[in-house]
Number of protein chains: 2
Amino acid sequence: MVQIVANPAGPKALARKLEILRSASYAFGERGYHETGMRDIASDLGMTVGNLYYYFANKQALLYFCQDETLNGLLDLAAWVGDNAEGAAERLFLLIVGHVICINEGVPGSLAHHDVEALEASWRAKIVRKRRRYELALRTVIEDGIRAGVFAKTDVKVAALAILGAANWTVKWFREEGGLGARAVGEGFAGQLVRGLLRPGARFEPPNIQVPVFGGL
Amino acid sequence: MVQIVANPAGPKALARKLEILRSASYAFGERGYHETGMRDIASDLGMTVGNLYYYFANKQALLYFCQDETLNGLLDLAAWVGDNAEGAAERLFLLIVGHVICINEGVPGSLAHHDVEALEASWRAKIVRKRRRYELALRTVIEDGIRAGVFAKTDVKVAALAILGAANWTVKWFREEGGLGARAVGEGFAGQLVRGLLRPGARFEPPNIQVPVFGGL
DNA sequence: ATATAATTTGAACCATGGTTCAAATTGTGG
DNA sequence: CCACAATTTGAACCATGGTTCAAATTATAT
């Protein structure tokens, strides 16, 4: 019987797939997608390389699922912020904090490397589509802030790109050991980026509520 | 006679090396370092793949020289800003604008991917050392601003990282065709990031001087 | 015109790493 | 205990792409 299954339905399959995804995501974050081989991932998991192909069609599938999970986490974050904060400045603050936490503690590394070049076209399209939905949510918060007079009039696209850049680049350098945690980094970023958008004279204090960790595998 | 020269001194050598570096830098920016093959670079230049090795020892050398040139451009930028602007807010503004221009119009793509993982250890050390000098220059400007009372007291390292993140991430999405130029993007970012650091009540208007393009190959 | 230097070619070599798969092992139900 | 399903193994296969180099071509100096 043909051996390659790549979507097994046995009792251990789901747990095993999540275990593999966590390990792959961590490795991609630490070493980079290209510097991480399937033998490395297998070795980290204490299995042999052929076994990975029982659960996943290929290496790109691993990357795709990691990125997809991250984006699901970011979209969940956006929905949570919409439900749990009112003012645009508060919402933007929480989005930024949640974003940094999601990509550094939720699913480390796999979105922010943005290595969609390594994905084949239909998977890349799916990832890009989810990214766009999230970026739209971000821009909507900024536009709401301008409309409400909390933010000064500004180029919304540029403002959103600055925020995404600051947040996404954290996967290049953030490491948990020593120093500040992801939440503290996120709060520092959010303070600066939100204050940078305020209408002169507008007041802002960081909100009291704490963002959950979204996107955990 | 041994064919591999990799540092030829003939009359055409320097011009050819710069031509190769420009083409490689562009390709690395467009496609990513790993997705760009030596055959691709050769083909873009209308030469054959073996010829590249007459001028450069290996693929990593191409990456190293591109990144080194970008960092030289950023260090030149920092020096120019020190010579041509006085106030910390003005200096920071110009640094951010110049940074975005340097990495998108000067030497596209090769620093901001930060793909130093792909470099061997001694080259990586050189790149990281130059990067640190530039980041120190950036932090010094922020510290000067805090000391002068222009910026509010803040975590300087976090503020610098937000700035570097926003600026460096631009190579992931910035494309010259259509839309805003690098200078306009940089000015939008700089406005937001500098204003985000100001002491409440401090005034700031973008400076009138225009940053040159540093780092051009 | 000729000798020498510089530059280019392009096929071949080679290591790497993604992927396959027959056989083996382990788990589970009757 | 046995049959079958699920899972694992690990050597082999194979494509890719970095690199080499003998030979050829072009450029330059005499």
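All heavy atoms count here, side chains included; hydrogens, waters and symmetry mates do not.
Put simply, CG on B:Leu52 is 12 Å from P on D:dT20, counting in whole angstrom units. Atom CE in B:Met47 sits roughly 7 Å away from atom P in C:dT9 (whole-Å rounding). The nearest whole Å value for the distance from the CZ atom in A:Arg16 to the P atom in C:dT26 is 14 Å. Following rounding to the nearest Å, A:Asn51 (CG) and D:dT7 (C1') show an atom-to-atom distance of 7 Å. Rounded to an integer number of Å, the gap from A:Tyr55 OH to C:dG18 P is 20 Å. Straight-line distance from the CG atom of B:Asn58 to the C1' atom of D:dT19: 9 Å, rounded to whole Å. Rounding to whole angstrom units, CD1 of residue A:Ile20 and P of D:dT7 are separated by 11 Å. Per the geometry, NZ belonging to A:Lys17 stands 11 Å off P belonging to D:dT7, to the nearest Å.
Note that B:Lys17 lies in the cation-pi zone of B:Phe65, set by a 6.0 Å cut-off to the ring centre and a 45° limit from the axis.
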So which protein N/O to nucleotides 14-16 of chain D N/O distances come out below 3.5 Å?
none

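Scanning residues 34-45 of chain A for heavy-atom distances under 4.0 Å to DNA chain C yields A:Thr36, A:Gly37, A:Met38, A:Arg39.
Nucleic acid contact for A:Ala9: none, since no nucleic acid atom lies under 4.0 Å from a heavy atom of the residue. Base engagement by A:Gly50 is indicated by at least one non-hydrogen atom pair under 4.0 Å involving a base atom. Residue contacts for A:Phe56: at a heavy-atom cut-off of 4.0 Å it reaches no nucleic acid atom on any strand shown.
Summarising the local packing, OH of A:Tyr134 is surrounded by more than 12 heavy atoms from other residues, nucleotides or ligands at distances under 6.0 Å.
Between atom NZ of residue B:Lys126 and atom CZ of residue B:Arg131 there is a gap of 15.5 Å, rounded to the nearest 0.5 Å. Interatomic distance, CG of B:Asn84 versus CG of B:Leu94, reported as 8.5 Å (0.5 Å rounding).
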Please lay out, stage by stage, how B:Arg91 and B:Asp83 fare under the test salt bridge (Lys or Arg N to Asp or Glu O under 4.0 Å).
CA-CA 10 Å; B:Arg91 282 181 171 175; B:Asp83 291 342; over 6 Å; no
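Residue pairs meeting the side-chain hydrogen bond (donor to acceptor under 3.5 Å, both in side chains) criterion with at least one member in residues 71-82 of chain B, sequence neighbours excluded: B:Asn72-B:Lys130.
In this structure, the nucleotide among C:dA11, D:dT7, D:dA11 sitting nearest to the side chain of B:Val49 is C:dA11. When each of C:dT19, C:dT7, D:dT7 is scored by its nearest atom to the side-chain atoms of B:Lys12, the top-ranked nucleotide is C:dT7.
Note on B:Tyr53: every side-chain N or O is 4.0 Å or more away from OP1 and OP2 of D:dT20.
Looking at residues two or more places apart in sequence or on another chain, you find no side chain to side chain donor-acceptor pair (under 3.5 Å) involving A:Asn51. In this structure A:Thr140 satisfies the side-chain contact (heavy atoms from CB on, under 4.5 Å) test together with A:Leu136, A:Glu143, A:Asp144, sequence neighbours excluded. Not a single side chain to side chain donor-acceptor pair (under 3.5 Å) links A:Asp40 to another residue, sequence neighbours left out.
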